[in-house]
Student: 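Provided herewith is a single structure, encoded as structure tokens, for subsequent inquiry.
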Amino acid sequence: MSAPAAGHAQAAPVELLPILVLLGAAVLAVPLFKRLGLGSVTGYLAAGMIVGPFGLQVIADPQAILHVAELGVVMFLFVIGLEMRPSRLWTMRGEIFGLGFAQVAGASALLTAFGMVLGFPFAQSFVGGTGFVLTSTAIVMQMLEERRVRGLPRGRRTIAILLLEDLAIVPLLAAVALLAPDTERIAGRERIEALGIGAASIAGLVLAGRYLLDPLFRMLGQARAREVMTAAALLVVLGAAYAMQLGGMSMAMGAFLAGVLLSESTFRHQLEADIEPFRGILLGLFFLGVGMALDLGVIVSGWQQVALAVAGYMLLKMAVIYGVARMFDLDNREAVGRAVLMAQGGEFAFVLYAAATAAGILDARQNAILTTAVIVSMILTPFLIMLYDAFMPKWAPSTASVTPPSDLSANVLLIGFGRFGQIASQPLLENGYSLSIIETSTQAIFDLEPLGFKVHYGDGTRLDILQAAGAMEARLIVVAIDDRQACLRIVEIARAEFPHTPVLARAFDREHALELIRLGVDWQVRETFESALTLAGKALELLEPDARVRDAVMDAVRRRDAERLAIQVTEGLYAAPGLIRNNAQGRER
């Protein structure tokens with residue numbers, strides 16, 4: 001082989017070791033921190049600190065990574081914009097722009113004042129305080145999911161505040177640009193020109209989103225080329241970000257506006273799915289970069305400032321959150337719980353502090369101290385929640401305005417009035433039978449009052465409640481609750497105390513149905529059985545034109561299921577597998 005031609009430099013090989021170490025650190029740290037209850041964001045930050053120039057020094061220039069990783073923030077804001085559908089915002093307008101605005105405005109004012117009391121200029125105090133006001137969406141949403149309160153009223157109110165905070169990042173980034181020291185030297189005419197260019201950029205982006213984006217994606221969708229749709233999604237996000245950058249505004253604002261403009265598009269879910277992998281990787285890389293950029297020497301030398309910032313910001317923010325919650329007539333437990341849950345700073349603080357540092361409002365040392373304060377607050381949050389759970393009285397539904405059952409009498413006693421019980425009640429009421437209804441959810445009782453239902457508060461697992469609800473006189477007892485253990489307990493009591501009254505029960509699954517049968521329930525139905533068979537019947541109707549064949553098939557399925565259930569009562573859950581059809585039996589048509 002001949003030697004390389006003179007004058008042609010040999011391409012330098014790609015250094016894979018730093019990339020492998022970076023990925024390995026994230027893969028190890030993130031699951032570990034999530035298992036410890038500290039969240040994935042904290043894991044990324046810790047991994048970045050370990051491999052960065054102030055740790056193992058595997059990566060010497062974290063700023064180079066941050067410049068690329070900022071695209072993750074851009075894509076994150078695009079996804080946030082996709083969620084900000086105008087119709088959704090309008091539905092939640094009271095909670096978002098009432099409760100949310102009160103909390104954000106109050107906390108911003110108090111935290112900014114705290115910085116000024118400590119002797120910092122307004123611009124630095126404003127950026128430091130407002131950055132800490134923006135709560136960690138990742139941490140709060142994870143906690144709401146784990147506690148299964150996301151869909152409850154208190155969960156929805158917390159989400160509304162998070163939505164307002166997500167919206168607030170856009171004007172805050174614009175405020176950073178206006179507060180930058182260089183803007184003081186800009187002549188009035190130049191400032192007007194800059195504002196005009198920015199407004200023109202926004203108007204152009206709005207027009208393009210209104211008249212070009214949806215037709216573009218419709219045309220690309222007809223081409224049925226998935227990779228082109230992904231490329232187009234990236235083009236829209238990065239193009240909108242670049243347009244805003246040319247107009248003298250932040251890339252994040254452009255991506256956010258593009259997301260809002262596409263939020264009502266029929267291609268919204270496709271866009272979100274296409275962007276998600278890039279967003280997740282680049283956002284994780286951004287947090288890694290933030291961790292690597294932390295100057296541990298500055299932090300060690302300024303630990304008193306970090307401690308003061310953490311204590312001051314968290315306590316003041318908690319005070320505002322509690323006060324606003326009480327001002328909006330929320331109970332003490334919810335107010336304290338939200339104050340603890342939302343006391344920390346969030347991911348957007350890193351974005352705001354980085355932008356403020358680039359604009360000259362913060363220096364590197366102040367950025368490091370404020371960023372560290374946010375990270376420490378994130379780490380402290382799970383421990384605060386543990387203390388809240390340990391010392392706060394357990395939540396119990398308010399029963400002040402609900403009535404317990406007393407000497408009720410009706411044809412049917414219905415226990416549980418959720419989505420299952422409400423549907424089950426309609427044929428009985430339509431036929432003229434009277435119902436006594438008991439339910440343990442006070443929220444469900446309040447929600448059903450406007451519809452004319454009289455629902456009593458009572459726990460069906462207690463014999464005295466069943467007696468007060470009229471179980472002795474009822475011709476029928478229907479157990480429609482979604483708690484499998486409580487359902488078993490009610491059936492057991494009813495069979496022992498009211499042996500001559502038929503008991504019908506809602507079963508969670510097949511195993512639960514077998515337990516109910518063994519307790520002597522007169523009839524049970526798995527909660528998804530009939531709806532699944534209805535769907536399958538519709539599928540057969542579309543595939544099989546002969547109605548007689550369809551009816552015979554459905555009858556056969558019901559018969560085999562009943563036979564199998566009867567065998568399983570005595571032989572166990574895994575008995576009679578031959579009565580199940582599976583997709584390996586070669587019955588294709």
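Quick note: numbers below take in every heavy atom, side chains included, and nothing from hydrogens, waters or symmetry partners. Everything numeric here is computed off the predicted structure, so don't read it as measured data.
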Student: With a 4.0 Å cut-off on N to O distance, would you call Asp482 and Arg419 a salt bridge?
Tutor: no

Student: Does CZ belonging to Phe453 count more than 12 external heavy atoms closer than 6.0 Å?
Tutor: yes

Student: Looking at Ala109, is its backbone amide N or carbonyl O close enough to the side chain of Thr112 to form a donor-acceptor pair, meaning the two atoms are under 3.5 Å apart?
Tutor: no

Student: Which heavy atom of Ala469 sits nearest to which heavy atom of Ile438, and what is that distance?
Tutor: CB-CG2, 3.9 Å

Student: Specify the closest pair of heavy atoms between Phe328 and Ala102, including all atoms of both residues, with the distance to one decimal.
Tutor: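 Shortest heavy-atom separation between Phe328 and Ala102 comes out as CE1-CB, 4.0 Å.
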
Student: Show your reasoning for whether side chain to side chain contact (heavy atoms under 4.5 Å, CB included) applies to Arg333 and Tyr388.
Tutor: CA-CA 10 Å; Arg333 181 178 177 81; Tyr388 169 81; 3.3 Å; yes

Student: As a quick check of understanding, evaluate side chain to side chain contact (heavy atoms under 4.5 Å, CB included) for Leu463 and Phe498, giving each step before the final call.
Tutor: CA-CA 10 Å; Leu463 176 59; Phe498 320 111; 3.9 Å; yes

Student: Backbone N or O of Ala368 within a donor-acceptor pair of the Thr371 side chain at under 3.5 Å?
Tutor: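 Flag not set: sc Thr371 to bb Ala368 has no pair under 3.5 Å.
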
Student: Nearest 0.5 Å, what's the CD-CD1 distance between Glu515 and Ile517?
Tutor: 10.5 Å

Student: Working to the nearest 0.5 Å, report the span between CD1 of Ile423 and CZ of Phe417.
Tutor: 10.5 Å

Student: CG/Leu162 to CG/Leu134 distance, rounded to the nearest 0.5 angstrom?
Tutor: 10.5 Å

Student: Does any non-hydrogen side-chain atom of Leu466 lie less than 4.5 Å from one of Ile415?
Tutor: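 They are in contact (side-chain heavy atoms under 4.5 Å apart), so the answer is yes.
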
Student: Is there a side chain to side chain contact (heavy atoms under 4.5 Å, CB included) between Gln344 and Leu384? Walk through the geometry before answering.
Tutor: CA-CA 10 Å; Gln344 83 287 147; Leu384 290 177; over 6 Å; no

Student: What's the shortest heavy-atom distance between Ala505 and Cys487, and which atoms?
Tutor: CB-SG, 4.1 Å

Student: Could you please spell out the steps behind the salt bridge (charged side-chain N to carboxylate O under 4.0 Å, His left out) verdict for Arg365 and Asp363?
Tutor: CA-CA 6 Å; Arg365 178 183 176 84; Asp363 59 32; over 6 Å; no

Student: Quick one: does any side-chain atom of Lys317 pair with a main-chain N or O of Ala107 as donor and acceptor, under 3.5 Å?
Tutor: no

Student: How long is the gap from CZ on Arg495 to CG on Leu519, to the nearest 0.5 Å?
Tutor: 10.0 Å

Student: I would like to know whether Val133 and Tyr313 meet side chain to side chain contact (heavy atoms under 4.5 Å, CB included); could you show each step before the answer?
Tutor: CA-CA 9 Å; Val133 166; Tyr313 280 163; over 6 Å; no

Student: Using a 4.5 Å cut-off on heavy atoms from C-beta on, say whether the side chain of Asp509 contacts that of His512.
Tutor: yes

Student: Any side-chain heavy-atom pair from Leu172 and Phe126 closer than 4.5 angstrom?
Tutor: yes

Student: Are any of the side-chain heavy atoms of Val340 and Met318 separated by less than 4.5 Å?
Tutor: yes

Student: On a heavy-atom basis, which atom in Ala29 and which in Gly43 lie closest, and how many Å separate them?
Tutor: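 Smallest interatomic distance, heavy atoms only, reads CB-O, 3.5 Å.
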
Student: Do side-chain atoms of Ser377 reach the backbone of Val374 as a donor and acceptor pair under 3.5 angstrom?
Tutor: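 The answer is yes, because a donor-acceptor pair under 3.5 Å joins these two groups.
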
Student: Looking at every non-hydrogen atom in both residues, tell me the closest pair between Gly106 and Val320 and how far apart they are.
Tutor: C-CG1, 3.8 Å

Student: Any side-chain heavy atom of Leu99 within less than 4.5 Å of one from Arg338?
Tutor: yes

Student: Which heavy atom of Ile481 sits nearest to which heavy atom of Gly416, and what is that distance?
Tutor: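 Shortest heavy-atom contact: CG2-CA, 3.6 Å.
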
Student: To the nearest 0.5 Å, what is the distance between CD (Gln124) and CG (Leu362)?
Tutor: 6.0 Å

Student: Any non-hydrogen side-chain atom of Glu165 less than 4.5 Å from a side-chain atom of Ile161?
Tutor: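 Of all side-chain heavy-atom pairs linking Ile161 with Glu165, at least one is under 4.5 Å.
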
Student: So, does Tyr353 use its side chain to make a donor-acceptor pair with the main chain of Gly128 at under 3.5 Å?
Tutor: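 The answer is yes, because a donor-acceptor pair under 3.5 Å joins these two groups.
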
Student: Arg326 side chain to Leu330 main-chain N or O, any donor-acceptor pair under 3.5 Å?
Tutor: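 Yes, because the side chain of Arg326 sits within donor-acceptor range (under 3.5 Å) of the backbone of Leu330.
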
Student: To the nearest 0.5 Å, tell me how far Ile477 CD1 sits from Leu414 CG.
Tutor: 11.0 Å

Student: Hey, does Phe420 have a side-chain heavy atom less than 4.5 Å from the side chain of Val525?
Tutor: yes

Student: Per the salt bridge (Lys or Arg N to Asp or Glu O under 4.0 Å) rule, which among Arg510, Arg506, Arg484 passes with Glu527?
Tutor: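 Looking at Arg510, Arg506, Arg484, the match for Glu527 under the salt bridge (Lys or Arg N to Asp or Glu O under 4.0 Å) is Arg506.
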
Student: Donor-acceptor check, side chain of Thr357 to backbone of Ala364, threshold 3.5 angstrom: yes or no?
Tutor: no

Student: Are the side chain of Thr461 and the backbone N or O of Ala486 linked by a donor-acceptor pair below 3.5 Å?
Tutor: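 No, Thr461 side chain to Ala486 backbone: no donor-acceptor pair under 3.5 Å.
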
Student: Could you tell me if the side chain of Gln524 sits less than 4.5 Å from the side chain of Val491, heavy atoms only?
Tutor: no

